[in-house]
Amino acid sequence: MRGDDGWSTGGTVPELVRAAARRYADREAVVEGRTRITYAELGARVEHAAAACVANGVEPGDRVAVWAPNTLDWIVSALGAVTAGAVLVPLNTRFKGTEAAYVLERSRAKLLFITGTFLGTSYVASLRRATTEGTGPGPLPALPHLEQVVVLADDAPENFRTWKDFLASGAEVSADEVAERARAVQPSSPSDIIFTSGTTGRPKGAVITHAQTLRCYDIWSELAGLREGDRYLIVNPFFHTFGYKAGIIACLMRGATMVPQPVFNVDTVLANIAAERISVLPGPPTLHQSLLDHPARDAHDLSALRLVVTGAAVVPLQLVERLRAELHIGTVLTAYGLSEAGGIVTMCRRGDPAEVIAQTSGRAIPDTEVRVVSPAGDPLPPGRPGEILVRGHNVMSGYFEDPQETKKSITPDGWLHTGDVGVLDEAGNLRITDRIKDMFIVGGFNAYPAEIEQLLGLHPDVADVAVIGVPDARLGEVGKAYVVRHPGALATADDLIAWSRREMANYKVPRAVEFVGALPRNASGKVVKGELRGR
């Protein structure tokens, strides 16, 4: 539980939810349209959802997935599952059915909470199309471990359950039984598995414990200056640590009001800031840039905004200066993290000059170490670029049921290889310069060429393909595909882009396709992407 130094003494997410319900009982916890609930009411709803999980056979350590946008129901279903002792597996809302099915199968999720129709897409239909074959007993035969699918809506297809029906099923489970289940959760127990793609092209699940989650986001809240009474617009998706942990968990710790926004739309952001007196707005630089550049910005009262935390891409110095000068935001900070390190590695400090905030991602968070090393693994002095290694309480226990990949990523003495290239300055501030893993970042989302290449390779006209990130004025970077067609194939660039939009999450879709006779390869057969970038 909470010690003199915050939540860093340990504890669990169920304890945090209960403590927040008591400590901030009458304070507004979540605002969703006309729905406004207090922390006491949120605590009661989470207990209700936990009771339903217990009633439906969720056991400690079972994986429970949530595939839905930022809503009150996401918060309640996820925290309810974790309170029942389950391990949360958030699914990216931009996934297509095949991508979601892979994570559900890989994690052997027992229960799935899924949105109804979102942005014109039926997630249930998408998942059904991807899992048509199989002999399992559950609602989706191709996923034999998935016993139940609960639709977060008022109606559900046959063999699926509605949210209301699911909650009602928990009526027979006593409050004492829920409390006993919550108490059984240990700080060292896994709290969530965040699936992150990699150079292998297949997502791997980073396992993070309850103690790690609470310690990291107590630190984040302290460094950011989040405080009781803040009103936090959570545009960052809940399936990402930036939305779930720097959002929901941080708010629970400090008694801030959560205002979830399911879709990024700058008009909605402006309206929410004004109507809800939003004081905290973390997000990627593209969010804040679009806010500053909106023609109707001055028609909205943005005076309550006081805290912005950004990262996930290069932050222009001008952006930091404009946020301070034009919107009078008192605190603008940047940070760097990755799922394998709990989502946070370095962070700027309040009072840092604009140049440090714009040009670096700050210094290592307390009780962690950051090192820059040569290809041989030797520590490099300030000013020399090399791979970034991290060691400390934030480093994952490993990839889910994947000791081989875990061994590749974490050294015997606890250093995590991030795959990112950076430079430390004399003061310990980290500047990210490149990515060993070839990853590029599209509007704050990590895109992995190996994964996109695997998917594009399924197109019948594609004989060979390589994907790189190229600069984009709005999104920072976007994908460009170099494609070798099969002889006689007639697919155009527009054909491949349209096909990609049907088969993969939007941020992965290449924005440009260039056809080539052959890809440049080195003696070992590896594509020389430096040559492609040079073009």
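Side-chain contact check for T209 and S188: no donor-acceptor pair (N or O, by modelled atom type) lies under 3.5 Å. For the residue pair E340 / Y399, a side-chain donor-acceptor distance below 3.5 Å is found, with atom types taken as modelled. With no hydrogens or angles considered, no side-chain donor-acceptor pair links T368 and N394 at under 3.5 Å.
Closest approach of R106 and F400 over heavy atoms only: NH2-O, 2.8 Å. The heavy-atom pair separating Q261 from N272 by the smallest distance is OE1-ND2, 3.0 Å. Counting all heavy atoms, side chain and backbone alike, L127 lies closest to A100 at CD1-CB, 4.3 Å. A pairwise comparison of heavy atoms in L338 and V345 identifies CD2-CG2, 3.7 Å as the closest pair.
By the 6.0 Å contact criterion, CD on E228 is enclosed, its count of non-hydrogen atoms from other residues, nucleotides or ligands being greater than 12. Counted within 6.0 Å of CZ on R306, heavy atoms from surrounding residues, nucleotides or ligands total more than 12; the atom is thus considered enclosed. In R350, the CZ atom is crowded: over 12 heavy atoms of neighbouring residues, nucleotides or ligands sit closer than 6.0 Å.
Distance check: F195 CZ to F95 CZ gives 9.5 Å after rounding to the nearest 0.5 Å. Residue L119 holds its CG atom at 6.0 Å from OH of Y123, rounded to the nearest 0.5 Å. A distance of 12.0 Å separates CG in L281 from CG in D230, rounded to the nearest 0.5 Å.
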Inset, instruction - Just do the side-chain hydrogen bond (donor to acceptor under 3.5 Å, both in side chains) check on H417 and E387 with the steps written out, would you? - result: CA-CA 7 Å; H417 284 269; E387 186 185 6; 3.0 Å; yes
Legend entry - K204 vs D402, salt bridge (Lys or Arg N to Asp or Glu O under 4.0 Å): CA-CA, chis, key distance, verdict: CA-CA 8 Å; K204 302 187 292 289; D402 198 339; over 6 Å; no
Legend entry - E15/R18 under salt bridge (Lys or Arg N to Asp or Glu O under 4.0 Å): CA gap, chis, key distance, verdict: CA-CA 5 Å; E15 287 176 337; R18 293 189 153 202; over 6 Å; no
Inset, instruction - Apply side-chain hydrogen bond (donor to acceptor under 3.5 Å, both in side chains) to the pair D413 and T411, showing each step before the final yes or no. - result: CA-CA 5 Å; D413 55 348; T411 67; 2.5 Å; yes
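By the 6.0 Å and 45° rule, K245 does not stack over the aromatic ring of Y217.
Within the 6.0 Å centre-distance limit, the rings of W74 and Y244 are counted as a close aromatic pair.
With sequence neighbours excluded, no residue satisfies salt bridge (Lys or Arg N to Asp or Glu O under 4.0 Å) with R183.
Ion pair R63/D192 not flagged as a salt bridge, since none of the NZ, NE, NH1 or NH2 atoms sits closer than 4.0 Å to an Asp/Glu carboxylate oxygen.
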Distance-only donor-acceptor hits, side chain of residues 78-94, under 3.5 Å, sequence neighbours excluded:
unit_1	atom_1	unit_2	atom_2	d
T83	OG1	L79	O	2.8
N92	OD1	R94	N	2.8
N92	ND2	Y507	OH	3.3

